Amino acid sequence: MTSRVPQAQLTDGVLMVTGEVSADTVVALREQGERLIRTASENLVVDLDGLVTAHSVVLSMLLCWQRLAHQAGIALSFRGVSGRLASLAALSNLEDQLAGFGPESVHPAH
């Protein structure tokens, strides 16, 4: 069972994001992810398969991570994107800015 407490962990070039993200928990998760991104020396895949929620604060966090990675010369790509999160990104005109948010990459079951 997936823990509902949001977490990010980096293993072998994959930044795994799990849990339930809300306006109350996103800042701590964003900071945790930023610390991990700063330790990376190569491009990263952000795995969102364990993410329980699709919320605008998640998109904001991902954009913050992407900006930080870009400043460090690291590319982020995303996998395990839920249909709901991809729809939210499309409504916000962000799907082209987040690699892996296109229709071919989305998991409709989420």
Side-chain angles (χ1 to χ4, degrees):
M1 182 174 179
T2 302
S3 170
R4 291 185 119 16
V5 176
Q7 297 181 61
Q9 73 182 73
L10 181 60
T11 306
D12 297 326
V14 177
L15 181 60
M16 292 183 28
V17 183
T18 58
E20 186 171 350
V21 182
S22 69
D24 295 329
T25 62
V26 70
V27 173
L29 181 61
R30 188 195 83 214
E31 291 171 350
Q32 183 181 30
E34 288 172 346
R35 282 191 299 274
L36 294 170
I37 291 167
R38 285 187 185 103
T39 68
S41 58
E42 59 187 12
N43 295 343
L44 297 175
V45 174
V46 180
D47 188 334
L48 302 172
D49 197 44
L51 196 61
V52 177
T53 44
H55 194 290
S56 61
V57 296
V58 173
L59 291 176
S60 176
M61 176 189 72
L62 297 177
L63 289 169
C64 288
W65 287 357
Q66 187 161 286
R67 182 176 55 243
L68 175 66
H70 178 75
Q71 290 168 349
I74 295 169
L76 295 185
S77 61
F78 301 90
R79 73 178 183 204
V81 178
S82 71
R84 293 181 75 190
L85 190 59
S87 293
L88 189 57
L91 286 171
S92 304
N93 293 319
L94 295 173
E95 71 275 23
D96 292 336
Q97 296 179 36
L98 298 165
F101 271 69
E104 67 284 349
S105 305
V106 174
H107 291 157
H110 280 92

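Predicted model only: the values in this text are computed from it and were never measured.
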Engineer: Where is the tightest heavy-atom contact between Leu29 and Pro6, given as atom of each residue plus distance?
Structural biologist: CD2-CB, 3.8 Å

Engineer: Roughly how far apart are Ser82 OG and Leu88 CG, rounded to 0.5 Å?
Structural biologist: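 Answer for the OG-CG pair, Ser82 versus Leu88, is 9.0 Å.
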
Engineer: Tell me whether Val46 shares a hydrophobic cluster with Val27, the cluster being built from Ile, Leu, Val, Met, Phe, Trp, Tyr side chains joined at under 4.5 Å.
Structural biologist: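 Both belong to a single hydrophobic cluster.
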
Engineer: Who passes side-chain contact (heavy atoms from CB on, under 4.5 Å) against Ala72, sequence neighbours left out?
Structural biologist: Ile74

Engineer: side-chain contact (heavy atoms from CB on, under 4.5 Å) with Ser22: which residues, sequence neighbours excluded?
Structural biologist: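 Partners of Ser22 under the side-chain contact (heavy atoms from CB on, under 4.5 Å) test: Asp24, Thr25.
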
Engineer: Of all the heavy-atom pairs spanning Leu10 and Leu36, show the shortest one and how long it is.
Structural biologist: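 Scanning both residues, the minimum pair turns out to be CD2-O, 3.6 Å.
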
Engineer: Decide yes or no for Arg79 and Val14: does some side-chain heavy atom of the first lie under 4.5 Å from some side-chain heavy atom of the second?
Structural biologist: yes

Engineer: If you take all heavy atoms of Val57 and Val26, which pair is closest and at what distance?
Structural biologist: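 Val57 and Val26 have their closest heavy atoms at O-CG2, 3.6 Å.
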
Engineer: For the atom pair CZ (Phe78) and CG (Leu44), what is the distance rounded to the nearest 0.5 Å?
Structural biologist: 10.0 Å

Engineer: Distance check, rounded to the nearest 0.5 Å: Leu85 atom CG versus Glu95 atom CD?
Structural biologist: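 The distance works out to 11.5 Å.
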
Engineer: Taking side-chain contact (heavy atoms from CB on, under 4.5 Å) as the definition, give me every residue that meets it alongside Ser77, ordered by chain and number, with sequence neighbours left out.
Structural biologist: Val45, Ala99

Engineer: Please list every donor-acceptor pair under 3.5 Å in which a side-chain atom of residues 58-69 meets a protein atom from a residue at least two apart or in another chain.
Structural biologist:
| unit_1 | atom_1 | unit_2 | atom_2 | d |
| --- | --- | --- | --- | --- |
| Trp65 | NE1 | Arg30 | O | 3.0 |
| Gln66 | NE2 | Gln97 | O | 2.5 |

Engineer: Check step by step if side-chain contact (heavy atoms from CB on, under 4.5 Å) holds for Met16 and Thr11.
Structural biologist: CA-CA 8 Å; Met16 292 183 28; Thr11 306; 5.8 Å; no

Engineer: Do you know which two heavy atoms are closest between Arg84 and Ala54, and how far apart they sit?
Structural biologist: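 For Arg84 and Ala54, the tightest heavy-atom pair comes out as CB-CB, 3.7 Å.
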
Engineer: To the nearest 0.5 Å, what is the distance between CD (Glu20) and OG1 (Thr53)?
Structural biologist: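 Result: 5.5 Å between the selected atoms.
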
Engineer: Taking all non-hydrogen atoms of both residues into account, name the closest pair between Ala89 and Phe101 and its distance.
Structural biologist: CB-CD2, 3.6 Å

